[in-house]
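Each remark here refers to the structure printed beneath this line.
In what follows, every chain begins at residue 1, and chains take the letters A, B, ... in the order their sequences are listed. Quick note: numbers below take in every heavy atom, side chains included, and nothing from hydrogens, waters or symmetry partners.
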Number of protein chains: 2
Amino acid sequence: MKSEHIPAPAVQRLSLYLRELEAIRDSGSQTVSSRRLGEFLGLTDAQVRKDLAYFGHFGHPGVGYEVGDLIARIRRILGTDRASNVVLVGAGNLGSALAAYRGFARRGFHLVAVFDNDPAKIGRPLAGLADLVVRPLTDVAAVVREFDVRLAILAVPADAAQQVAESLVAAGVRGLLNFAPVAISVAEDVSVSTVDMAVQLEQLSFRIGAARRASARAI
Amino acid sequence: MKSEHIPAPAVQRLSLYLRELEAIRDSGSQTVSSRRLGEFLGLTDAQVRKDLAYFGHFGHPGVGYEVGDLIARIRRILGTDRASNVVLVGAGNLGSALAAYRGFARRGFHLVAVFDNDPAKIGRPLAGLADLVVRPLTDVAAVVREFDVRLAILAVPADAAQQVAESLVAAGVRGLLNFAPVAISVAEDVSVSTVDMAVQLEQLSFRIGAARRASARAI
DNA sequence: TAATGTGAACTTCTTCACAGCC
DNA sequence: GGCTGTGAAGAAGTTCACATTA
């Protein structure tokens with residue numbers, strides 16, 4: 001297969017496979033079948049095979065996939081086989097929590113700087129992170145260039161998000177993980193992924209409401 | 001239209017429309033066209049109309065949609081027209097940040113309790129939130145029943161997530177917003193939405209890598 | 001026997017294009 | 001003229017089922 005166009009949902013699942021594979025590796029398995037890999041994620045074996053086949057011939061008929069090999073391949077595909085530098089803008093509650101999160105480092109992302117424009121925060125280390133001193137937003141361009149930063153995390157208030165995004169992009173950032181509850185528009189060669197936690201709760205609210213309505217009808 | 005089956009992506013977008021509509025209302029507009037509503041979200045006008053039409057006849061030909069009315073209708077559909085009680089499990093960095101986040105309350109979710117099993121945290125108020133005292137996990141069932149809690153936020157380590165999820169579900173919770181980087185399996189009448197921030201960064205990493213590869217080919 | 005990779009069938013979602021209404 | 005609602009067409013994604021390989 002190894003085609004030109006790969007469905008976006010397939011790429012999303014690739015990350016989930018990676019997470020699952022790491023757990024499988026830690027449990028001691030050398031190989032894994034498409035069925036087992038999909039099981040926990042609620043996916044069919046065919047789906048798993050199709051997804052992986054978009055990227056190459058990774059499996060061995062009759063055997064399955066070699067766990068360590070597949071992890072390495074997926075990391076290469078995602079571009080996380082080498083650590084990449086990331087900056088964080090916004091040293092409030094959420095920003096501090098994100099900076100302290102170890103999951104980023106474990107998956108190949110190295111946080112090199114934190115920015116904020118609050119004079120009370122600038123110059124101080126983030127709570128519990130002695131090596132990360134908050135820097136003023138005016139330093140963004142210099143840091144992005146110095147550390148060849150391509151990804152940034154936005155944890156600023158909604159009304160500041162668009163402007164901060166623009167300065168990051170101007171400095172050379174190519175991907176933004178936005179936690180502000182607002183849509184951000186940037187040049188189309190820049191990727192933005194917005195995580196709006198209230199939206200997630202609303203979706204759950206709808207789904208449990210729909211379930212209740214459905215069961216009410218069934219009675 | 002007002003059909004039985006509604007595409008999941010349409011429901012997702014409903015939340016985004018709501019967010020956008022609130023901004024439009026605050027900017028003073030009384031009505032909005034499908035084109036304008038979709039513009040910022042990168043959606044076509046047809047998509048917006050189709051999505052809204054799944055739920056009823058909300059618009060006025062020649063005029064558009066009445067902003068306040070549409071907000072009220074979408075809130076009803078999502079089940080957020082009345083505040084619903086939510087609990088949070090995990091009072092670490094992320095949990096504390098989530099508890100302090102005002103966006104939940106603004107969108108109709110009321111955080112009634114925070115749980116943790118760390119004795120050093122139990123009995124103390126969350127940083128900056130005097131009214132939220134951390135309670136032991138053993139209180140979950142009682143609180144869920146007392147406040148008729150249907151939604152819970154999980155901000156616990158990955159290796160605890162499944163177990164905590166099970167106790168929440170046993171207590172009567174019907175929807176889980178999971179921030180632990182692990183798939184959770186529960187009865188199928190319970191909804192789970194997992195937000196894995198490292199996965200989001202990986203997706204961005206892939207997209208900017210793919211863009212680079214594409215431009216390299218183009219040269 | 002066990003499991004992959006993949007065309008073909010099927011299902012789901014999106015876009016088009018236009019009748020109808022303000 | 002402006003704009004919605006929607007059937008029909010088209011595109012995208014998923015599942016099936018089987019040839020193939022270990």
Side-chain angles (χ1 to χ4, degrees), chain A residues 1-17 20-21 24 29-71 73-74 77 203 206-207 210, chain B residues 1-17 20-21 24 29-71 73-74 77 203 206-207 210:
Chain A
M1 199 179 280
K2 196 151 194 176
S3 57
E4 276 301 281
H5 180 72
I6 294 156
V11 181
Q12 290 248 82
R13 287 188 295 266
L14 212 54
S15 279
L16 304 183
Y17 298 146
E20 201 63 31
L21 284 162
I24 289 168
S29 300
Q30 299 290 314
T31 62
V32 66
S33 65
S34 54
R35 172 193 285 256
R36 172 148 173 241
L37 185 49
E39 210 157 57
F40 266 90
L41 299 167
L43 303 169
T44 65
D45 54 340
Q47 178 83 81
V48 173
R49 291 198 299 278
K50 195 76 146 183
D51 286 345
L52 296 175
Y54 283 120
F55 301 95
H57 293 216
F58 300 162
H60 307 282
V63 180
Y65 300 86
E66 205 274 291
V67 176
D69 173 62
L70 190 51
I71 288 174
R73 286 170 183 272
I74 294 179
I77 293 163
Q203 294 295 309
F206 175 83
R207 284 194 251 156
Chain B
M1 200 179 279
K2 196 151 194 174
S3 56
E4 278 299 284
H5 180 70
I6 293 157
V11 181
Q12 290 247 81
R13 288 188 294 266
L14 213 53
S15 280
L16 305 184
Y17 298 146
E20 201 63 29
L21 284 162
I24 289 168
S29 299
Q30 300 289 314
T31 62
V32 66
S33 66
S34 55
R35 172 193 286 257
R36 172 148 173 242
L37 185 49
E39 209 157 58
F40 266 89
L41 299 168
L43 303 170
T44 65
D45 54 340
Q47 177 84 82
V48 173
R49 291 197 299 278
K50 194 76 146 183
D51 286 345
L52 296 175
Y54 283 121
F55 301 95
H57 291 215
F58 300 161
H60 307 282
V63 180
Y65 301 85
E66 205 273 291
V67 175
D69 173 61
L70 190 50
I71 288 174
R73 286 169 183 274
I74 294 179
I77 293 163
Q203 294 296 307
F206 176 81
R207 284 194 249 156

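- Counting only N and O atoms by type, the side chains of B:R36 and B:S29 include a donor and acceptor under 3.5 Å apart.
- Between B:L37 and the choices B:V32, B:V67, B:D45, the side-chain contact (heavy atoms from CB on, under 4.5 Å) rule is met once, by B:V32.
- For B:Q203 (side chain) and A:V11 (main-chain N/O), a donor-acceptor pair under 3.5 Å exists by modelled atom type.
- Contact between A:A10 and A:D51 at its shortest, heavy atoms only, is CB-OD1, 3.4 Å.
- When the nearest nucleotides of DNA chain D are assigned to A:D51 and B:V63 by heavy-atom distance, the more 5′-ward of the two goes with B:V63.
- Applying the 4.0 Å criterion to OP1 and OP2 of D:dT4, one finds that B:S34 has a side-chain N or O inside that range.
- As rounded to whole Å, 13 Å separates atom P of C:dG5 from atom CZ of A:F55.
- Place A:A8 and B:H60 on DNA chain D by their nearest nucleotides, and B:H60 ends up nearer the 5' end.
- At the heavy-atom level, B:R13 lies under 4.0 Å from the strands shown only through sugar-phosphate atoms.
- Put simply, B:H5 has a side-chain N or O that comes within less than 4.0 Å of OP1 or OP2 on C:dC13.
- Taking side-chain N and O atoms only, B:Y65 has a distance below 4.0 Å to OP1 or OP2 of D:dG5.
- The side chain of A:S33 contributes no N or O atom lying less than 4.0 Å from OP1 or OP2 of C:dA3.
- A donor-acceptor contact shorter than 3.5 Å is absent between the side chain of A:E20 and the backbone of A:F40.
- With D:dG13, D:dT21, C:dC13 as the choices, the nucleotide that has an atom nearest any side-chain atom of A:P61 turns out to be D:dT21.
- Residue B:A46 has its side chain nearest to C:dC16 when only C:dT6, D:dT14, C:dC16 are considered.
- Atom C1' of nucleotide C:dG5 and atom CD of A:Q47 are separated by 14 Å, given to the nearest angstrom.
- When each of A:F58 and A:G62 is assigned the nucleotide of DNA chain C with its nearest heavy atom, A:G62 is the one assigned upstream, toward the 5' end.
- Between C:dT6, C:dC16, C:dA3, one nucleotide has an atom nearer to the side chain of A:K50 than all others, and that is C:dT6.
- We find that OH of A:Y54 is positioned 8 Å from C1' of D:dT14, with the value rounded to whole Å.
- Rounded to whole angstrom, the span from the CD atom of A:Q12 across to the C1' atom of D:dG13 amounts to 14 Å.
- Rounded to whole angstrom, the span from the CG atom of A:L37 across to the P atom of C:dG5 amounts to 12 Å.
- Spacing between atom CZ of B:R49 and atom C1' of C:dC18 amounts to 11 Å, rounded to whole angstrom units.
- Rounded to whole Å, the distance from CG on A:L70 to P on C:dG5 is 10 Å.
- If you measure from atom CG of B:D45 to atom C1' of C:dT15, you get 10 Å, rounded to the nearest angstrom.
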